[in-house]
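Scroll down for the structure; my scribbles are underneath it.
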Amino acid sequence: MAGLRKTGYTNKTSERYIINAATIYTGVKFENGQFTGDLHGATSGGVTLTIEQEYRDIEVDGTGHVKVKGNKVLESANATITANMKEITAETIRRSLNGSIADASEKEAPKGYKVIKSKRYLEDGDYLENIAIAGRLSGTNQPVVAILDNALCTSGLELGTEDNNEAVIEQTYEAHATEEQLNSDEMPWRIYYPEVSTEPEPEPEVEG
């Protein structure tokens with residue numbers, strides 16, 4: 001049995017960094033041996049994936065002083081992707097509002113304008129089939145891909161401008177389960193993580 005090491009760094013560590021800002025895609029599929037999707041737009045300040053899981057300890061007499069293995073249940077779970085969108089289009093704004101978009105009439109605005117409006121009720125079409133982030137793993141050319149199903153932007157719209165800078169829109173997308181996923185206890189998100197190498201790492205020498 002190997003002894004304890006002085007550091008967690010190994011000859012494989014440098015191949016297992018997730019580096020630089022991830023890229024956001026929508027409508028991601030795996031086809032012909034690769035992931036494909038539509039670019040969501042350029043971002044500023046990186047992209048954040050958050051998966052929150054809250055657990056509850058079942059109350060049983062005589063166990064209040066300690067956590068008991070097997071006595072914990074998942075209370076709630078939620079997955080989000082948050083990014084500052086620096087590339088702003090009419091569709092970016094529409095998605096922030098889950099609103100409607102149409103060509104403006106000649107009575108409203110000059111030719112070529114879109115009109116974006118908020119609406120009272122959500123529709124099935126407001127949910128993206130999925131939204132995903134793809135990050136780079138240092139030891140491979142394959143991306144790390146996190147996919148959120150039935151994604152909806154829930155952060156609203158805040159657009160601030162200032163001199164000598166560009167506006168950004170912060171968007172937070174939440175995953176939502178379908179009826180089938182709900183009934184099968186399947187979470188509407190997943191992470192695809194590539195394998196760097198199949199070669200086994202040598203056992204460290206025993207010290208002393």
**Request:** Taking all non-hydrogen atoms of both residues into account, name the closest pair between T172 and S155 and its distance.
**Result:** N-OG, 3.0 Å
**Side-chain touch T26/I131, heavy atoms, less than 4.5 angstrom** = yes
**Asked** Should Y25 and I191 be counted in the same cluster of Ile, Leu, Val, Met, Phe, Trp and Tyr side chains packed under 4.5 Å apart?
**Response** no
**Asked** If every non-hydrogen atom of A167 is compared with every non-hydrogen atom of T161, which pair is closest and at what distance?
**Response** CB-CG2, 4.1 Å
**Complete:** When every non-hydrogen atom of M187 is compared with those of Q181, the smallest separation belongs to O-NE2, 4.4 Å
**Polar side-chain atom of N98 near backbone of C153 as donor-acceptor pair, under 3.5 Å** = yes
**Prompt:** Between CD1 of I18 and CD1 of I133, what distance do you get to the nearest 0.5 Å?
**Reply:** 8.5 Å
**Item:** Nearest atoms (heavy-atom pairs only) where E15 meets V196
**Value:** OE1-CG1, 2.9 Å
**Item:** Minimum heavy-atom distance between T13 and T10, given as atom pair plus value
**Value:** OG1-N, 2.8 Å
**Fill in**
Closest heavy-atom pair, A175 versus P188, reported as atoms and distance to 0.1 Å, is CB-O, 3.6 Å
**Asked** Considering residues at least two apart in sequence or located in another chain, which fulfil the side-chain contact (heavy atoms from CB on, under 4.5 Å) criterion with Q34?
**Response** T36
**Message:** Does any part of the side chain of K114, heavy atoms only, come nearer than 4.5 Å to the side chain of D103, both counted from C-beta?
**Reply:** yes
**Complete:** Rounded to the nearest 0.5 Å, the CD atom of E166 sits from the CD1 atom of I88 at a distance of 9.5 Å
**Asked** So, does S44 use its side chain to make a donor-acceptor pair with the main chain of N84 at under 3.5 Å?
**Response** no
**Item:** Non-neighbouring partners of R94 that pass side-chain contact (heavy atoms from CB on, under 4.5 Å), sequence neighbours left out
**Value:** E91, I101, I116, D126
**Asked** Listed by chain and number, what are the ring-ring contact (aromatic ring centres under 6.0 Å, His included) partners of F30, not counting sequence neighbours?
**Response** F35
**Message:** Do L137 and Y193 have side chains that approach each other closer than 4.5 Å (heavy atoms only, starting at C-beta)?
**Reply:** yes
**Item:** Partners meeting side-chain contact (heavy atoms from CB on, under 4.5 Å) with Q142 (sequence neighbours left out)
**Value:** T140, P194
**Donor-acceptor pair, side chain of T63 and main chain of E59, under 3.5 angstrom** = no
**Item:** Side-chain heavy-atom pair I58, V73 within 4.5 angstrom cut-off
**Value:** yes
**Asked** What distance separates N71 CG from R56 CZ, expressed to the nearest 0.5 Å?
**Response** 9.5 Å
**Message:** For the backbone of S105 and the side chain of E108, can you confirm whether one donor and one acceptor N or O come within less than 3.5 Å of each other?
**Reply:** yes
**Message:** Please determine whether side chain to side chain contact (heavy atoms under 4.5 Å, CB included) holds for the pair E129 and D149, giving the CA-CA distance in whole Å, both sets of side-chain angles, and the decisive distance to 0.1 Å.
**Reply:** CA-CA 6 Å; E129 177 185 359; D149 294 328; over 6 Å; no
**N130 side chain vs L148 backbone, donor-acceptor pair below 3.5 Å** = no
**Prompt:** Are L182 and L122 connected in the hydrophobic side-chain network, where two residues link if heavy atoms are under 4.5 Å apart?
**Reply:** no
**Message:** Hydrophobic cluster membership, with links at side-chain heavy-atom distances under 4.5 Å among I/L/V/M/F/W/Y: are Y17 and V145 in one?
**Reply:** no
**Asked** So do the side chains of P143 and Y192 get within less than 4.5 Å of each other, counting heavy atoms only?
**Response** no
**Message:** In this structure, would L97 and M85 fall into the same cluster of hydrophobic residues linked by side-chain contacts under 4.5 Å?
**Reply:** no
**Prompt:** Considering residues, nucleotides and ligands other than N141, do more than 12 of their heavy atoms fall under 6.0 Å from its CG?
**Reply:** no
**Message:** Applying ring-ring contact (aromatic ring centres under 6.0 Å, His included), can you list everything that pairs with Y127, at least two apart in sequence or on another chain?
**Reply:** H176
**Asked** Can you name the side-chain contact (heavy atoms from CB on, under 4.5 Å) partners of K111, sequence neighbours left out?
**Response** none
**Request:** Without swapping roles, check the side chain of E87 against the backbone of A42 for a donor-acceptor pair under 3.5 Å.
**Result:** yes
**Message:** Measuring from atom CG of L49 to atom OG1 of T80, what distance do you get when rounded to the nearest 0.5 angstrom?
**Reply:** 7.0 Å
**Request:** Drop me the distance from I169's CD1 to I93's CD1, to the nearest 0.5 angstrom.
**Result:** 5.0 Å
**Message:** With no hydrogens and no angle check, just 3.5 Å: does a side-chain donor-acceptor pair link E123 and Y121?
**Reply:** no
**Asked** Checking side chain to side chain contact (heavy atoms under 4.5 Å, CB included) against E170, which of L159, L157, T82 comes through?
**Response** T82
**Prompt:** Please walk me through it: do Q171 and T92 pass side chain to side chain contact (heavy atoms under 4.5 Å, CB included)?
**Reply:** CA-CA 9 Å; Q171 289 186 327; T92 307; 3.7 Å; yes
**Message:** Measuring from atom CG of L152 to atom OH of Y173, what distance do you get when rounded to the nearest 0.5 angstrom?
**Reply:** 8.5 Å
